[in-house]
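Counting convention: from 1, in listed order, for ligands and their atoms alike. These values consider heavy atoms only, across backbone and side chains, with no hydrogens, waters or symmetry-generated copies. Positions are given from 1, in the same order as the sequence printed here.
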Amino acid sequence: MKDAAAAQTGQTIYLSDYTPPGWLVEDVSLTFRLAPDATRVLSRIRFAPNPEGTQDRFFLHGEKLKLISAAIDGTPVTPDITPEGLSCAVPEGAFTWEAEVEIAPAQNFALEGLYMSNGMYCTQCEAEGFRKITYYPDRPDVMATFHVRIESDLPVMLSNGNPIASGEGWAEWHDPWPKPSYLFALVAGELVNHPDTFTTMSGRAVELNIWVRPGDEGKCAFGMEALKKSMKWDEEVYGREYDLDLFNIVAVDDFNMGAMENKGLNIFNSSCVLASPETSTDANFERIEAIIAHEYFHNWTGDRITCRDWFQLCLKEGLTVFRDASFTADMRSEPVKRISDVITLRARQFREDNGPLAHPVRPESFQEINNFYTATVYEKGAEVIGMLKLLVGDEAYFKALDLYFTRHDGQACTIEDWLKVFEDATGRDLTQFKRWYSQAGTPRLHVTESWDNGTFTLHFRQETPPTPGQPSKQPQVLPIAVGLLGPNGDEVLPTTLLEMTEAEQSFSFEGLGARPVPSILRGFSAPVILHRETDNAERAFLLAHDTDPYNRWEAGRSLAKNALLRMIAEGMAPDAAYLDALKTLLEDETLDPAFRALAMALPSEDDLALTLFEGGTTPDPQRIWEKREEMREAMARHMPDLLARLYAAHQVTGPYSPEAGPAADRALSNAALALLTRLDGGERARAQYAGADNMTQQLAALSCLLSIDAGAQELQSFYEQWQHDRLVIDKWFSLQVGLARPEDAAATAERLAAHPDFTMKNPNRFRATFGALAMSPAGFHHASGKGYALLADWLKKLDPLNPQTTARMCTAFETWKRYDSDRQAMIREALEGILAQDGLSRDTSEMVSRILN
Ligand code: ARG
Ligand code: ZN
């Protein structure tokens, strides 16, 4: 039966089982003789016993490798081979291991290890892909220097570090910085480069390149600027200088994730690096800038200091996300970045943290580590660092970071190491703070107030609901930033940080002339769900007067949310108080257009569903969708003249620039256009589409038209115009599914999956089609159950090719327990059908089992 699957599943790895490696690697030499179906990899590895480990059994990871030969100190050996690796008798003391293996990169559709994408060879080794390249101790606490020789007739051959020699048909690379195998990379292909240079703060010249397929040269300039800005920022803000003579970035079309920080040779999903005004939206530009920064920042937080084991993943990811967010805030608008990040956190991380896949920022067990590259590890991991910085203050934060870099450079570290530098730098005890790493679930923060003769008191109570494996929780340290506003709107207490450590705790403010209005959790100072009885008058007051831009936005959002919830639950009409308040805000020309655009966005369908569910109501996805539509309609009807004015005034003319300023104007004018389209039958959108010279305006116009079912012609001409551009055609796929009416979403995805441009082998295209379905709650959860069945069918087809992407997309089902019993029954059937598939991957089987439990 399914022996392979049975052997793969059910093996759980625990943090508490960690033991140091028995042998360390001093130095590695690899030779690659590249051939699509039979690449030979020769390895020569110098091993030495680890004084901190035990030498009971010599084991090297290796999967799907054909061993040709192996030798120790020149003498051939015959190791014991299993599907996971090999073991072998070895001498006491140091020795040299040599092996030759054969692999087939052209048959590797999992896109992990060495594989091919459009004729180009490339690698993805994080987390455990190196073991599909050769036999090796494939764990991050084994760090070594790598020497790499590549043999092929391709013109460009790249690896980590510096080039040392090359000739006809070969190239050699040496990386002087010891690194774990997951940071190894190799690229070979017919590539062209966009070159530049950067002079570091100590005056060293670094050669920079972005390597792309011929034809994509024109899409590199923006990424290159982003790279140089990142290098400069890390010098100025963190004092971190780049440490090689060369930094290469390569764009690859077939890639499971966004990008990868391999030492000196970052590999990017082409969607996360290639940009041009004609083909990329403002949002694409901003995302590309952030991802380039993220991968570059990993050079210090990830590469120079790495993780001891994969349970410590947040050590590098949380910190690096936090760093890239600070960079974006500095390059663009700090409040706008914060608001956007909170929107994403709520949409993805709160969803995860409040369902069957909830896990701590530092998980304690896993079956497949690829399943833990999650919003919790990344985004909540970054929030935890933000809280730490708030608690200790900026100066102490950077002092601790300096200590981290000096103390741990060249090491593979743990969260304990990380917290210890903060304890040593500040004298603070972080024992309780550490619960942020071990307790899963989103804390609920309940607030009440009292007023007594000049003294205002805030009473807080925190509680975190149970999560899988964690029935009860301890109180966590919550940094709560508050300000107080007087009745006339003046701030009577500027932002003050309260440090809550108990389950219940009160804070008083004395000597006030009148009862103030509190502004709580300014800047979203802790990733919690705030519960506070309030009314629309107070929300409108904060929306008008709060000095904290984040809370100002939050006041508007809570007005909108409250209004929507009452429309959904009580059948109320759209709330006029909300519409008036929004109108006043939109009219305020002193406010950043990007901020105003964000204020026009309604809470997501998923966010509303979670809130309803928490309040004891079973959410109806169709009704949530309809009420949001109704609210949009009401917004348009409430302020048609204002919208028309905003649309015209903020439309950017002249040459396109992706800078924050013009992007903000476009965001506001396109948000206005989306509403106006409901009134003008698409007249403005059609004109904008026809005249657009950039993708932001073209795509926004097309979206508007599709949302009123009036864009058939434009949709067709868009396809004809862009059929040569894979990244734009991805947009064409996802837009149609995402904007279909709920009853048509599954059918649209199904129809597009039959389109000649659809391919399961390209993760971007698969996600553009089925990810778009999964992200349209009303379409995916349509009462017919068609969305569930269709997605399950395609995931079953994808799993044998690409387990990683399949498993990740199973998260579409993670909210299932919120819904009614009919939907739950259909989802259960879909999930059980996936689980029953013969030879199901470890990735998908772990994911589906966790969702079902
Ligand atoms: N370290 C990469 C980054 O954050 C992502 C690697 C994702 N790996 C994975 N197996 N999902 O930039
Ligand atoms: Zn990362």
Side-chain angles (χ1 to χ4, degrees), residues 63 108 110-113 115 122-132 138-140 160 179-185 223 226-227 230 234 249-252 254-269 271-273 287-307 309-328 348 357 361 363 366-382 385 412 763-764 767 802-811 841-844 846-847:
E63 285 175 20
N108 180 355
L111 314 185
E112 187 185 51
Y115 65 96
C122 65
T123 54
Q124 171 55 36
C125 294
E126 186 178 3
E128 298 179 333
F130 192 74
R131 61 190 63 180
K132 295 180 165 180
D138 189 15
R139 42 187 288 171
N160 315 88
K179 66 167 176 291
S181 49
Y182 83 87
L183 291 172
F184 167 81
L227 175 59
S230 308
D234 214 15
I249 285 178
V250 182
V252 177
D254 303 289
F255 206 68
N256 274 334
M257 44 243 158
M260 179 62 211
E261 70 264 23
N262 317 300
K263 183 77 186 189
L265 179 53
N266 288 2
I267 299 185
F268 276 63
N269 185 320
S271 72
C272 298
V273 56
R287 178 152 185 268
I288 287 167
E289 184 176 88
I291 296 179
I292 298 228
H294 179 96
E295 305 311 331
Y296 174 73
F297 296 158
H298 268 316
N299 189 58
W300 275 93
T301 52
D303 297 3
R304 288 284 285 256
I305 304 179
T306 191
C307 304
D309 55 72
W310 293 117
F311 296 102
Q312 321 294 330
L313 183 57
C314 64
L315 177 76
K316 73 178 178 80
E317 295 304 346
L319 177 55
T320 306
V321 171
F322 180 74
R323 274 152 51 70
D324 83 58
S326 316
F327 167 79
T328 299
R348 298 185 44 228
L357 297 178
V361 169
F366 62 75
Q367 290 182 19
E368 172 50 64
I369 184 57
N370 283 330
N371 289 338
F372 285 85
Y373 285 75
T374 59
T376 297
V377 169
Y378 277 64
E379 273 76 36
K380 189 175 178 183
I385 304 217
N764 291 359
R767 280 190 289 257
N802 189 333
Q804 244 182 78
T805 293
T806 309
R808 167 142 313 206
M809 291 196 52
C810 288
T811 58
S841 68
R842 173 173 60 202
D843 309 55
T844 305
E846 177 187 32
M847 215 59 165

Notebook entry, point to check: Are Arg287 and Cys272 side-chain neighbours, meaning at least one heavy-atom pair lies under 4.5 Å?
Noted result: yes
Notebook entry, point to check: Regarding Asn269 and Asn764, is there a side-chain donor-to-acceptor distance under 3.5 Å anywhere?
Noted result: yes
Notebook entry, point to check: Which angle, to the nearest 10 degrees, do you find at the Zn ion (ligand 2) between NE2 in His298 and NE2 in His294?
Noted result: 100°
Check: Does the ring center of Tyr182 lie less than 6.0 Å from the ring center of Phe130?
Finding: no
Notebook entry, point to check: Does some non-hydrogen atom of Gln804 fall short of 4.0 Å from ligand 1?
Noted result: yes
Check: Is the Phe311 to Phe372 ring centre distance short of 6.0 Å?
Finding: no
Next item on the list: Select one of side chain, backbone, both or neither to describe which atoms of Glu126 lie under 4.0 Å from any atom of ligand 1, heavy atoms only.
Entry: both
Item checked: atom 9 (C) of ligand 1 [closest protein heavy-atom partner, distance rounded to 0.1 Å] -> Met257 SD, 3.4 Å
Notebook entry, point to check: Among His298, Glu261, Glu295, whose heavy atom sits nearest atom 2 (C) of ligand 1?
Noted result: Glu261
Margin query: Could you tell me if Thr806 and Thr844 have a donor-acceptor pair between their side chains, going purely by distance under 3.5 Å?
Written below: no
Notebook entry, point to check: Ion pair present between Glu368 and Arg842, side-chain N to carboxylate O less than 4.0 angstrom?
Noted result: yes
Check: Where's the contact between Lys316 and ligand 1, heavy-atom distance under 4.0 Å: side chain, backbone, both or neither?
Finding: side chain
Checklist line | Subset of ligand 1 atoms that lie under 4.0 Å from at least one heavy atom of Tyr378 | finding: 1 (N), 2 (C), 3 (C), 4 (O), 5 (C)
Item checked: Atom name, Glu317 (N, O or S, nearest to the Zn ion (ligand 2)) -> OE1
Notebook entry, point to check: Does any N or O atom in Asn370 lie less than 3.5 angstrom from one in ligand 1, N or O only?
Noted result: yes
Check: Can any side-chain N or O of Glu846 pair as donor or acceptor with the backbone N or O of Gln367 at less than 3.5 Å?
Finding: yes
